[in-house]
Amino acid sequence: MGLIEALRGTRDILPDEVRYWQRVEAIAAAVLTRAAFTEIRTPIFEQTGLFERSIGEATDVVGKEMYTFKDRGDRSVTLRPEGTAGVVRAYIEQGLHAQGSIQRLWYLGPMFRYERPQAGRQRQFHQLGVEILGTAAARADVEAIAVATDILRQLGLQNLTLQLNSIGDKGDRQKYREALVAYLTPYRLELDPDSQDRLARNPLRILDSKDARTQEILKGAPSMLDFLNPEAQVRFERVQSLLTDLAIPYQINPLLVRGLDYYSHTVFEIQSADLGAQATVIGGGRYDHLVAELGGPETPAIGWAMGLERLILLLKQLQPLPPATVDFYVVSRGEFAEAQAMLLSQQLRQQGFTVEMDVSGSAFGKQFKRADRSGAVACLILGDTEAETRTVQVKWMATGEQAAIAQSELSAYLHQQQPALKATQTADKG
RNA sequence: GCGAGCGUAGCCAAGUGGUUAAGGCAGCGGAUUGUGGUUCCGCCAUUCGUGGGUUCGAGUCCCAUCGUUCGCCCCA
């Protein structure tokens with residue numbers, strides 16, 4: 001075409017869709033604020049080393065999915081592929097640990113991963129996430145999960161399942177890894193090629209292979225849960241009993257492992273049956289050593305991130321949002337009338353009304369057509385006659401009734417009509 | 001990075017090698033130059049994602065490329 005188009009894996013979010021985003025953002029902010037979480041905004045790009053050290057150099061995210069480049073000062077810079085690393089960096093660098101023993105933070109913004117796009121997966125995508133830093137309490141895990149389920153419930157989403165697992169501490173994982181390799185090695189040649197590869201490099205990832213034969217072999221494999229040390233086991237049981245207390249349903253999934261290196265103990269995902277292969281809407285877990293590994297004080301923490309594109313895919317399936325409407329549509333024609341229309345529009349907006357002023361200068365008939373489409377409850381009409389007499393015609397669109405009102409009385413008149421106005425609008429939106 | 005499918009207007013599409021590329025929605029203009037939702041009329045793709053090739057002739061066949069969809073992989 002010769003036209004410049006949006007890059008692969010990026011997309012424009014147009015006004016009709018933005019309304020879904022605003023809804024998610026408003027509900028999430030309200031739920032999080034009520035739970036005493038505060039928002040943090042960190043840079044979209046960071047030193048490459050931050051992600052290499054936190055996410056893990058062996059992971060796919062770091063190894064082959066990062067947008068990394070040299071800036072003009074020859075620094076290696078990376079567009080953030082996830083949110084936790086930047087939050088933890090800020091937590092250490094800004095001394096947040098000194099400002100209170102426990103920090104509850106949330107963030108929202110674009111993330112970047114160089115992957116093959118498909119449904120629910122873009123190269124620039126958006127995550128909303130929370131982090132609770134400064135406590136190893138099982139209650140913190142459950143609070144993080146509860147706040148996630150609250151957001152999803154308030155959005156009205158259904159068909160979601162919470163998958164829960166504990167991957168213990170480093171020692172537990174080491175022992176389990178050995179046991180798993182020992183079990184799988186005799187089956188080596190029966191595994192799918194990817195899993196054969198992972199047997200040496202990252203055997204835990206074999207657990208969530210989708211290959212049918214691999215899954216079958218895994219049925220006889222040792223379970224992570226049998227390798228938890230007594231303390232980790234007690235901890236995991238505590239998480240479960242607290243979830244039960246809150247009536248949050250969950251499924252234990254011993255095959256659930258996560259792709260970022262920093263997780264330990266509690267890991268979880270919330271998945272939807274209504275998405276395709278990219279079914280995970282929320283994923284998270286505990287990361288007790290990350291802060292120290294990045295140079296901060298020993299600080300246990302837990303967090304999760306939510307994929308907003310995926311969430312909005314679900315929201316759209318659920319309930320189309322009614323179109324945006326305005327309270328009043330201002331129709332005007334003629335030099336003086338147009339000037340007065342502009343002034344009146346401004347005044348009404350200052351009083352909290354939503355007012356669309358027709359600036360086309362086209363015939364009255366055309367302006368009324370647009371008024372009709374705008375969803376306005378009433379039209380405010382100004383022509384030469386009204387300009388001369390300093391009046392305005394108020395036409396109620398539903399009934400077609402029209403009244404001449406002095407411009408000086410307009411806002412008083414409209415305020416008086418407001419109950420009827422609201423009733424009409426809610427009825428329209430049904 | 002791998003495999004498969006698909007690209008015709010802002011959107012949904014018909015078209016399966018032969019003169020001028022259906023139709024619908026939306027939009028714009030008129031009937032109606034001071035009154036909307038209905039109706040009627042008109043306009044809205046020199047071109048089929050892009051580039052090359054085959055052919056007397058290509059939206060239609062071939063190759064490449066870009067984009068997209070589904071799956072693998074990965075992850076939220």
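Computed over heavy atoms, backbone and side chain alike; hydrogens, waters and symmetry mates excluded. Predicted model only: the values in this text are computed from it and were never measured. Chain A is the first sequence line, chain B the second, and so forth, proteins listed ahead of strands; every chain is numbered from 1.
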Point to revise | Phosphate contact (B:C72 OP1 or OP2) by A:Lys210 side-chain N/O below 4.0 Å | key: yes
Check your understanding: Below 4.0 angstrom from OP1 or OP2 of B:C74, is there any side-chain N or O of A:Arg198?
Key -> yes
Practice item. Under 4.0 Å between any heavy atoms, over every strand shown, what does A:Thr59 touch: base, sugar-phosphate, or nothing? Just pick one. Key: nothing
Check your understanding: At under 4.0 Å between heavy atoms, what does A:Asp211 touch on the DNA or RNA strands: base, sugar-phosphate, or nothing?
Key -> nothing
**Study point:** 5' priority, RNA chain B, between A:Asp192 and A:Arg333 [closest heavy atom]
**Key:** A:Arg333
Point to revise | Nearest-nucleotide comparison on RNA chain B, the residue closer to the 5′ end among A:Lys366 and A:Leu7 | key: A:Lys366
Check your understanding: Using a cut-off of 4.0 Å on non-hydrogen atoms, how would the nucleic acid contact of A:Leu128 be classed: base, sugar-phosphate, or nothing?
Key -> nothing
Exercise for review: Under 4.0 Å between any heavy atoms, over every strand shown, what does A:Ala305 touch: base, sugar-phosphate, or nothing? Just pick one.
Suggested key: sugar-phosphate
Check your understanding: What pairs meet the ring pair (Phe, Tyr, Trp, His ring centres under 6.0 Å) rule with one or both residues in residues 119-154 of chain A, with sequence neighbours excluded?
Key -> A:Trp21-A:His126
Exercise for review: Both distances under 3.5 Å, Watson-Crick or G-U wobble: report the partner of B:U55, or none.
Suggested key: none
Review point. In whole Å, what separates the P atom of B:U46 from that of B:U8?
Key: 15 Å
Taking N or O atoms only and anything under 3.5 Å, show me the protein contacts with nucleotides 8-10 of chain B, one pair per line.
none

Review point. Heavy atoms under 4.0 Å, any strand shown: does A:Gly9 hit a base, just sugar-phosphate, or nothing?
Key: sugar-phosphate
Review point. Looking for any heavy atom pair under 4.0 Å, which part of the strands does A:Glu65 touch: base, sugar-phosphate only, or nothing?
Key: sugar-phosphate
Practice item. Select base, sugar-phosphate, or nothing to describe what A:Glu386 touches, counting heavy atoms under 4.0 Å on all strands. Key: base
Practice item. Under 4.0 Å between any heavy atoms, over every strand shown, what does A:Arg113 touch: base, sugar-phosphate, or nothing? Just pick one. Key: base
Exercise for review: For A:Gly276, answer base if it contacts any base atom (sugar-phosphate contacts may also be present), sugar-phosphate if it contacts only those atoms, and nothing otherwise; contact means non-hydrogen atoms under 4.0 Å.
Suggested key: sugar-phosphate
Practice item. Could you check which nucleotide pairs with B:G67 in any of the strands shown, counting Watson-Crick or G-U wobble with both distances under 3.5 Å? Key: B:C6
Review point. Which heavy-atom pair separates A:Val31 from A:Val147 by the least distance, and what is that distance?
Key: CG1-O, 4.0 Å
Exercise for review: Using a 4.0 Å heavy-atom cut-off across all strands, classify A:Gly129 as base, sugar-phosphate, or nothing.
Suggested key: nothing
Review point. Any donor-acceptor pair under 3.5 Å joining the side chain of A:Arg121 to the base of B:C74?
Key: yes
**Study point:** Pi-cation contact, A:Phe112 with A:Arg123 (under 6.0 Å, within 45°)
**Key:** no
Check your understanding: Across the strands shown, which category fits A:Gln402 at heavy-atom distances under 4.0 angstrom: base, sugar-phosphate, nothing?
Key -> base
**Study point:** A:Lys395 charged N/C atom sitting above A:Tyr329 aromatic ring, 6.0 Å / 45°
**Key:** no
Check your understanding: If only side-chain N and O atoms of A:Gln393 are considered, is one of them under 4.0 Å from the OP1 or OP2 phosphate oxygen of B:U35?
Key -> no
**Study point:** Any strand: nucleotide that pairs with B:U47 via Watson-Crick or wobble, under 3.5 Å
**Key:** none
Exercise for review: Pick base, sugar-phosphate or nothing for A:Arg205, based on heavy-atom distances below 4.0 Å to the nucleic acid.
Suggested key: sugar-phosphate
Which atom pairs link the protein and nucleotides 36-42 of chain B when you take only N or O atoms and keep those under 3.5 Å?
unit_1 : atom_1 : unit_2   : atom_2 : d
B:G36  : N7     : A:Lys395 : NZ     : 3.0
B:G36  : O6     : A:Met397 : O      : 3.4
B:G36  : N1     : A:Met397 : O      : 2.5
B:G36  : N2     : A:Asp372 : OD1    : 2.8
B:G36  : N2     : A:Met397 : O      : 3.2
B:G36  : N3     : A:Asp372 : OD1    : 3.1
B:G37  : O4'    : A:Asp372 : OD2    : 3.0

Exercise for review: Assign A:Arg11 to base, sugar-phosphate, or nothing according to its heavy-atom contacts below 4.0 angstrom with the strands shown.
Suggested key: nothing
